[in-house]
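First comes the structure, then the notes that go with it.
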Amino acid sequence: MSAQSQTQSAGHAGHAAAPVEKRSWLLTRPTAKTGIISWLTTVDHKKIGLLYGMSALFFFLVGGFEALLIRLQLAVPNNTLISHQLYNELFTMHATTMIFLAVMPLSAAFFNYMMPLQIGARDVAFPRLNGFAFWVFLVGAIVLNIGWFVKSGAPDAGWFGYAPLTSTAYSNQFAKDMSTDLWVMGLQILGVSSVVGSLNFIVTIINMRAPGMTMMRLPVFTWMTLITAFLIILSFPAITIALVELMMDRSFGTSFFDVSNGGLPILWQHLFWIFGHPEVYILILPAMGIVSEILPTFARKPLFGYPIIVFSGATIGFLGFGVWSHHMFTTGMGTVATAAFSLLTMAIAVPTGVKMFNWIGTLWGGTLRMTTPMMFALGFLWMFMMGGFSGVMHSAAPADAQQQDSYFVVAHFHYVLIGGSVFALLAGIQYWFPLIFGRKVSEAWGKTSFWVIFAGFNITFFPMHFLGLNGMPRRTAVYDGNMGWNEANMIATIGALILGVGVAIYFCVMVYTYFKGEKTTHDEWGARTLEWTVPSTPPPEHNFDVIPTVHARDAFWYEKTHVEQTAKDKAASALAEQSHGGIHMPSQSWFPLVAAIGLLIGAIFFVNHIMIGAIAGGVVMFLGVYLWAAEGPGGYHIHLDDKNSKKH
Amino acid sequence: MSTHAAAGAIDHHHDHTTTTGIPNKKLFMWAFLASDCMFFGALISTHLIYRLHPTPNQPDILGLFSLELTSFSTFILLMSSLLMALAVNTCQKGKVGATRKMLLGTIVFGLIFLACQVYEFSHFVHAKGLTLNSSMFGSTFYTLTGTHGCHVAIGVLWLVLMYIRTFKPADGSPWILKSVIHLLVFAVVTVASIKALLGGVHAIQDHGATAEAFSTLLHHELPALIATAVGLIALVVLARPSKAVEFGEANAVDVESMGLYWHFVDIVWIVIFTVVYLLEYL
Ligand code: HEM
Ligand SMILES: [Cu+2]
């Protein structure tokens with residue numbers, strides 16, 4: 001694309017013929033459409049979605065590797081495979097990685113890629129901010145993982161970072177001063193990324209829907225994106241404050257969480273779980289959204305009880321803020337608080353159950369097609385239900401007093417997190433693969449990977465229920481041989497290895513499909529939602545040739561059955577576009593990346609207590625943001641050649 | 001691809017055609033402020049919790065505060081909101097000159113508030129012995145009011161950027177270098193004037209409002225005073241509008257979003273003032 005075509009906005013007065021603007025080289029927007037620079041400067045929601053997806057899958061493998069090490073250590077009693085210190089680092093980083101660097105960004109990948117397509121938009125509301133959110137995510141991920149490569153070691157105080165495990169007194173004991181700082185700083189940065197990204201999604205969903213796309217016609221996945229985004233912006237501030245206070249304790253000698261000076265360690269737990277419980281819904285709601293897209297497509301029926309699915313999702317989000325103390329039943333909050341939180345927690349199972357029945361209702365009487373994505377979605381239904389049941393068991397405070405900190409809890413949250421979130425995300429990848437890459441995963445290989453993963457998962461985690469009930473505590477590196485835990489642990493470890501093989505198959509199949517897979521048409525599954533109406537696979541940069549007009553829920557199904565109406569809409573939209581001078585697309589930019597690099601420099605120097613470096617990083621970041629603001633909104637127009645507008 | 005890109009003007013039809021009719025930037029700001037409510041909520045809760053569970057080394061809090069000074073700075077912050085509202089109003093009417101004046105007024109009032117806070121902090125530390133880790137009260141006090149101060153400072157910085165943007169030439173001629181110089185001069189003026197201001201306050205404290213105070217001020221703060229004066233002149237020169245600018249009614253949304261942030265920070269201060277200061281007098 002020529003430099004001239006990148007002419008910048010001439011601003012408010014520019015409706016009339018504006019002069020071609022001179023620009024200093026600093027503010028000239030990059031234009032590369034392929035190659036490394038196009039990825040570094042991208043503002044395209046689809047490219048950013050892919051970046052999120054690739055990084056998340058990478059960290060999914062890292063987290064999986066850490067998990068395998070943990071399981072190998074626990075395979076036999078009194079094992080000496082890894083040191084206790086390394087064990088602490090492994091379980092901390094495994095959980096932190098899986099939650100913040102794998103599941104959340106994989107959800108974010110789908111938010112980015114699919115949500116704008118589902119609502120019929122050309123991009124998100126703030127494309128450069130979207131790029132910024134991704135780079136900041138990457139910075140946070142790097143900061144968290146630096147510990148593996150330096151002497152201080154990786155973070156080792158648990159993903160929940162309970163006081164006083166995080167106090168300087170405690171970590172000095174192990175001469176591991178920096179590890180907790182890395183954890184604090186990394187999470188803080190990831191929080192910035194999540195909140196910024198979510199604000200963008202909220203504005204996009206509320207403000208950038210195609211004509212006729214009312215809120216009650218939004219695809220369920222988009223609805224869950226919206227609810228998740230609200231959960232993120234409202235829950236992350238709690239952990240931000242907790243982390244700020246912890247940082248003050250560690251770096252500036254305050255004692256917010258230090259009992260010896262009157263601090264309250266329980267305050268950490270409250271602030272953490274006010275964030276932490278909504279966080280588990282941040283992990284599961286996108287999964288529920290994906291499953292709600294897949295089931296109707298392969299049952300060839302509309303989603304049963306759409307409004308109820310939407311409202312129960314909102315109810316879950318809302319109630320999710322009122323149940324944090326169910327993680328603290330054993331801290332001695334008093335009977336009234338315990339009873340209240342117990343009841344509220346049980347109440348949250350109601351909307352969850354309602355969703356379950358709606359999904360089953362969707363399948364009921366449908367013409368089921370057992371494709372790979374469908375298999376993963378059905379696996380989700382089954383295993384998420386089991387996780388929900390053990391959750392309700394925890395919510396009874398007396399029972400929880402026994403189960404707390406045992407492997408029963410580990411079983412519960414892996415059934416909801418892997419059996420729930422991860423299965424749905426794997427389903428989503430299979431479901432949208434033809435749309436994103438124009439190729440389709442082989443059914444035979446897809447199903448093989450499903451069955452191996454499914455078997456491995458259940459063999460690993462089902463025995464943990466019994467281990468927990470038999471009293472095996474979580475977060476311990478060794479156990480004695482005569483506790484009666486040997487067999488179950490060995491089975492779990494074998495299961496973990498099978499699960500690892502399954503994941504390996506899944507990845508190999510994906511890579512193979514990307515290069516050699518069977519080519520597909522653009523509506524591979526006969527789906528219902530707008531993302532499948534893009535003119536080609538992979539979708540063009542401008543998403544839609546003409547913005548779709550929406551007349552009904554399941555907009556694409558409606559289009560398929562009302563061909564005449566659709567043709568008329570298309571003509572009208574095309575006309576409107578022409579009168580705007582074509583399709584307006586935002587230009588790429590370097591500055592989101594520059595600002596994020598400033599943040600990385602600042603963070604690394606800060607955890608090393610080199611303040612001058614931290615300030616230098618801050619300056620780089622400030623300059624990045626300043627030039628970003630100065631280069632202005634920018635953009636260029638694409639005119640569709642009428643004759644060929646269908647072909648790309 | 002059968003596409004070609006057009007050269008020429010691009011209007012910002014993005015914001016005008018949102019589904020709800022609310023501009024994206026404003027919606028973004030509302031959502032952000034909802035998030036910020038939780039942020040300050042958590043901080044204020046921490047403060048209140050440690051007031052309910054005071055530690056043994058808690059200082060004499062009433063003896064610490066100077067309600068006159070804080071009331072004054074609260075008043076100043078409130079008035080800055082008024083100027084901010086006027087900035088939005090004038091911008092909506094396309095009066096760039098008036099917008100600039102109002103923005104500048106807001107900046108100055110914000111800086112006065114910050115200077116009062118800097119003074120308060122240094123006074124508490126040096127005269128009253130309240131430090132970040134002298135007691136839990138100190139920890140929560142500095143964390144809470146300091147975080148609010150950071151919000152004000154970010155607001156001021158943002159106002160400065162917006163102020164500079166009002167000079168962006170409409171013909172697209174280069175202005176970045178000039179604006180960076182503008183920014184640097186502004187930073188110098190800010191630091192120097194706050195230093196001089198604090199020097200003045202200390203002089204008056206030591207000597208009363210006398211000629212002696214004045215000569216002490218001149219004696220100690222001469223470099224700061226000169227830097228302030230020269231900087232101010234430079235600012236006036238730099239800010240001379242030379243040609244038509246690319247700033248007007250269309251930017252009112254930007255100014256308005258910034259205003260929302262500013263008013264929010266102001267409201268939060270009222271809550272903090274009540275919770276931290278006034279509640280002590282119950
Ligand atoms: C039916 C809904 C659910 C209920 C009633 C429920 C209940 C509970 C309770 C009471 C605990 C505390 C157990 C203890 O520490 O003693 C717990 C822990 C946990 N839950 Fe759930 N849960 C539900 C759904 C979910 C979902 C959907 C997820 C995530 C996708 C999830 C993830 C977790 C995690 C990660 C923990 C352990 C946190 C830790 O200590 O590290 N839960 N759940
Ligand atoms: Cu919970």
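Just so it is clear: chains get the letters A, B, ... in the order the sequence lines come, proteins before strands, and each one is counted from 1.
- The stretch residues 139-153 of chain B places S139(B), T140(B), T143(B) near chain A, each with some heavy atom under 4.5 Å from a heavy atom of that chain.
- Contacts of L177(B) with chain A are absent, with no heavy-atom separation under 4.5 Å from either backbone or side chain.
- Side-chain atoms of F622(A) and L183(B), non-hydrogen and from C-beta on, do get closer than 4.5 Å to each other.
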Inset, instruction - Begin from the C-alpha positions of N207(A) and T20(B) and carry the test side-chain hydrogen bond (donor to acceptor under 3.5 Å, both in side chains) through to its verdict. - result: CA-CA 6 Å; N207(A) 254 357; T20(B) 56; 2.3 Å; yes
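- Side-chain contact between I164(B) and Y626(A) is present, with at least one heavy-atom pair separated by less than 4.5 Å.
- Residues of residues 36-48 of chain B that come closer than 4.5 Å to chain A, counting heavy atoms only, are M38(B), F39(B), A42(B), L43(B), T46(B), ordered by residue number.
- When the shell of 6.0 Å around NZ of K95(B) is examined, it contains 12 or fewer heavy atoms from other residues, nucleotides or ligands.
- No donor-acceptor pair under 3.5 Å is formed between the side chain of T254(A) and the backbone N or O of N133(B).
- Looking at L199(A), the atoms closer than 4.5 Å to chain B (heavy atoms on both sides) sit in the backbone and in the side chain alike.
- Both the backbone and the side chain of T19(B) have a heavy atom closer than 4.5 Å to some heavy atom of chain A.
- Residues of residues 259-268 of chain A having a heavy atom under 4.5 Å from any heavy atom of chain B, listed by number: N261(A), G262(A), G263(A), L264(A), L267(A).
- For F256(A), the parts lying near chain B are the backbone and the side chain together; criterion is any non-hydrogen pair under 4.5 Å.
- Only the side chain of F126(A) comes within less than 4.5 Å of a heavy atom in chain B; its backbone stays farther off.
- Annotation: side chain of L27(B) is not in contact with side chain of I202(A) (no heavy-atom distance under 4.5 Å).
- In this structure, the portions of L132(B) lying under 4.5 Å from any heavy atom of chain A include both its backbone and its side chain.
- A search for side-chain hydrogen bond (donor to acceptor under 3.5 Å, both in side chains) contacts involving H263(B) returns S81(B), not counting sequence neighbours.
- Proximity to chain A (any heavy atom under 4.5 Å) is shown, for S179(B), by both the backbone and the side chain.
- Interface residue L129(A): only side-chain heavy atoms are found under 4.5 Å from chain B.
- Open room surrounds CH2 on W30(B); 12 or fewer heavy atoms of other groups in view lie less than 6.0 Å from it.
- Between S255(A) atom OG and Y50(B) atom OH the span is 7.5 Å, to the nearest 0.5 Å.
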